[in-house]
Structures are given as C-alpha cells and as structure tokens.
Amino acid sequence: MDQKIALSVVVITKNEASRISDCLKSVDWADEVIVLDDESTDNTVALARSLGASVHVRKMDVEGKHRNVAYQMAKNSWILSLDADERVTPELKQEIIETLKNNPSCNGYAIPRRNFMGRVWVRYGGMYPSAQLRLFRKDAFRYDELAEVHPQAYMQDPRGMLKNDILHYTYRDFTDAIAKLDRQTDLEAKKWFRENRKVGVFSILRKMVDRFWKAYVSKQGHKDGVIGLFLAVNSGMYQFLTYAKYWELKRDSGAKSRTV
C-alpha cells in the first residue's frame, strides 16, 4: 500500500448514505479523514466509520461556523474540504500530492469542479470550471460565521489554482435540484431578513432576468440543452423565491409585533 500523505480531508454530511462511500474511497490516500455529521437519520455515520473516518456529530446551526468547527478538528496543517457529493479524481490526487511535497508557497488553492446533473456533465452556463478554495493551510483559512447560506471564505494571500477537477454530483435529478432550491432560498431569505435587506419588486425582476440571461445566453447554457434551460430558469427563480419568502418573513414579523 502506498504511504499516506499528511493531509486532513474534512467532509460535511447530512443523510448521505448513498454517496458517502464513494467520496471517502476517493481520498483514502490521506492520513486523516474527518466527517462532521449533522445528526443523520440514515446509515451515514456507520458507513463513514467503516471506511476509517473519524466521525463527529454536531447539529448544524450556521454553515460557516459548522465548517470552521470541523476544520479545527484537523491534526494536519493542510486541509482538503469536500462535500459528500464530491469525488477526487486520480489526476487531482496526484496533483495535490505533488503540490504538498514541493513546499507550497501559497496558503491555499482553488480547485475546478465538474458539476453533474445526474450523470450528465454540465459544461456551460457558468457551471464549469466553478472553482472554489478547497485545499488550504488550516491556520490561514476561515468562513464567515453569520451568513445562513453561501458563507464567504477568507484566506490570506498568496493563493493558487490547481488544474484537475473535483467531480461534483450536484443534483441527482430535476426534483433534487428543485428541493435544493427550496432549502437554499429558505436560508437566503432568513439572511436578508437578518440584514433588513432593502429590495423591491422591480429590482428582483431585473435580477431574475439578468441571472437567466447570463446563464443561458452569455455563458452559453443553451449548449447544455434542456438541462441548461432548466438551470438558467432555476438561477432566476432563486432571486424570486428568496424575495417571496423574505416578504413573508417581514409580513409575519410585523403581524406578530402588532399583537404584542
């Protein structure tokens, strides 16, 4: 067996029994794998432990804080952050090993992601390369701990970019994409409400059209056929659904304050 490298892989999970095994098998060359589980009710925890991961259970409160807690558990100075629906390719494995062997000058590296709808690689509409900071020094990286969804990443420069991809099985199918849209817009609306965001109907309509146009036309999402059209519409609907849920939160808050 090849010697494992000094790298802590951190994976966040919630009911990922159908996907966690493939994720962890793709990083079995790292000497530490940490799974922070958000109180799964399926077999995620047992499967992760059977594959040698160090599993911890914590109820997710805020995504950025949850991820930061997981990173602090790492014993190594370098962390690779993954989600359960992601896989490291053999080519990326070798690139990471070579990068860490050569005394890297950067504090972290963005890695391109090959996003999939089911088994179909979505190549356009801004879905590729979709690079994110995923390989970083533990002491140089953190997430914002206020944002309910899509927390901002903070890292000291310098930073670099790797060439090979993470495989990201983003959506199982259209139904899964709609369910994820519903969950994320719930959280986005809560963020807007906390920030008392100033938004109006016309600005939301403009952003809806802008998001659709960028995804479908400017970034050539039309080349992905029906999937590209669906994802462009989905992108525009993110703004509208967030606004509708935000409006509902404000309405309910106002009604509650009037009855107190």
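Source: prediction; values computed, not measured. Basis for what follows: all heavy atoms, side chains included, without hydrogens, waters or symmetry-related copies.
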S.K.: How far apart are the closest heavy atoms of Val33 and Leu24, and which atoms are they?
M.R.: CG1-CD2, 3.7 Å
S.K.: If every non-hydrogen atom of Ala147 is compared with every non-hydrogen atom of Val62, which pair is closest and at what distance?
M.R.: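 Closest heavy-atom pair between Ala147 and Val62: O-CG1, 3.2 Å.
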S.K.: Is there a donor-acceptor pair closer than 3.5 Å between any side-chain N or O of Asp38 and the backbone N or O of Val57?
M.R.: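 No: the side chain of Asp38 does not pair with the backbone of Val57.
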S.K.: Between Thr44 (side chain) and Ser40 (backbone), is there a donor-acceptor pair under 3.5 Å?
M.R.: no
S.K.: Check for a donor-acceptor pair, side chain of Arg159 on one end and backbone N or O of Met155 on the other, with a separation under 3.5 Å.
M.R.: yes
S.K.: State whether a side-chain donor-acceptor pair under 3.5 Å links Ser130 with Arg113.
M.R.: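 Checked: Ser130/Arg113 side chains pair up, N/O donor to acceptor below 3.5 Å.
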S.K.: Please check: side-chain N/O of Asp224 versus main-chain N/O of Tyr124, any donor-acceptor pairing under 3.5 Å?
M.R.: yes
S.K.: Does any non-hydrogen side-chain atom of Val27 lie less than 4.5 Å from one of Leu82?
M.R.: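 Contact flag for Leu82/Val27 side chains = yes.
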S.K.: Under the salt bridge (Lys or Arg N to Asp or Glu O under 4.0 Å) test against Arg67, which residue among Asp83, Asp61, Asp144 passes?
M.R.: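 It is Asp83, the one option of Asp83, Asp61, Asp144 that forms the salt bridge (Lys or Arg N to Asp or Glu O under 4.0 Å) with Arg67.
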S.K.: Nearest 0.5 angstrom please: Lys75 NZ to Ile34 CD1, how far?
M.R.: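 These two atoms lie 9.0 Å from each other.
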S.K.: Using a 3.5 Å distance criterion without hydrogens, assess whether the side chain of Lys138 forms a donor-acceptor pair with backbone atoms of Gln72.
M.R.: yes
S.K.: Verify the ring-centre separation between Phe136 and Tyr109: is it less than 6.0 angstrom?
M.R.: no
S.K.: Taking the side chain as everything from C-beta on, heavy atoms only, tell me whether Leu167 gets closer than 4.5 Å to Glu86.
M.R.: no
S.K.: If you define the side chain from C-beta out and look only at heavy atoms, does anything of Ile111 sit under 4.5 Å from Leu135?
M.R.: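 A side-chain contact exists here, since the closest heavy-atom pair is under 4.5 Å.
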S.K.: Are the aromatic rings of Tyr238 and Phe240 close, with centres under 6.0 Å apart?
M.R.: no
S.K.: Using a distance-only test with no angle check, is there a side-chain donor-acceptor pair under 3.5 angstrom linking Thr242 and Glu188?
M.R.: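 The criterion, which ignores hydrogens and geometry beyond distance, is not satisfied for Glu188 and Thr242.
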S.K.: Treating Lys190 as the side-chain partner and Leu249 as the backbone partner, does any N or O pair qualify as donor plus acceptor under 3.5 Å?
M.R.: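 Pair absent, no side-chain N/O of Lys190 close to backbone of Leu249.
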S.K.: Would you say Gln239's side chain and Met208's backbone share a donor-acceptor pair under 3.5 angstrom?
M.R.: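 Absent.
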S.K.: Checking Asp37 side chain against Glu39 main chain: does a donor-acceptor pair fall under 3.5 Å?
M.R.: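 Pair found, side chain donor or acceptor close to backbone of Glu39.
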S.K.: Closer than 3.5 angstrom, by distance alone: can the side chain of Gln156 be matched with the main-chain N or O of Asn107 as a donor-acceptor pair?
M.R.: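 A pair under 3.5 Å: no.
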S.K.: Are any non-hydrogen side-chain atoms of Arg87 and Cys23 less than 4.5 angstrom apart?
M.R.: yes
S.K.: Does the ring center of Trp121 lie less than 6.0 Å from the ring center of Tyr128?
M.R.: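 Yes.
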S.K.: Please tabulate, for the side chains in residues 209-223, all donor-acceptor contacts under 3.5 angstrom to protein atoms that are two or more places apart in sequence or on a different chain.
M.R.:
| residue | atom | partner | partner atom | Å |
| --- | --- | --- | --- | --- |
| Asp210 | OD2 | Lys214 | NZ | 3.4 |
| Arg211 | NH1 | Ser235 | O | 3.4 |

S.K.: Using a 4.5 Å cut-off on heavy atoms from C-beta on, say whether the side chain of Trp29 contacts that of Leu7.
M.R.: yes
S.K.: Of all the heavy-atom pairs spanning Met237 and Leu181, show the shortest one and how long it is.
M.R.: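 So the minimum-distance heavy-atom pair works out to CB-CD2, 4.3 Å.
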S.K.: Heavy-atom distance under 4.5 Å between the side chains of Lys93 and Glu98, does that happen here?
M.R.: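 No - every pair of side-chain heavy atoms lies 4.5 Å or more apart.
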S.K.: Any side-chain donor paired with an acceptor under 3.5 Å for His168 and Arg114?
M.R.: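 Note: His168 and Arg114 side chains miss the donor-acceptor criterion.
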S.K.: Under a 4.0 Å threshold between the charged nitrogen and the carboxylate oxygen, would Lys245 count as salt-bridged to Asp182?
M.R.: yes
S.K.: What distance do Trp247 atom CH2 and Asp252 atom CG have between them, rounded to the nearest 0.5 Å?
M.R.: 8.5 Å
S.K.: Answer whether the closest heavy-atom distance between the side chains of Leu92 and Asp165 falls below 4.5 Å.
M.R.: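 Sidechains of Asp165 and Leu92: no contact.
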S.K.: Is the shortest heavy-atom distance from the side chain of Arg123 to the side chain of Met127 under 4.5 Å?
M.R.: no
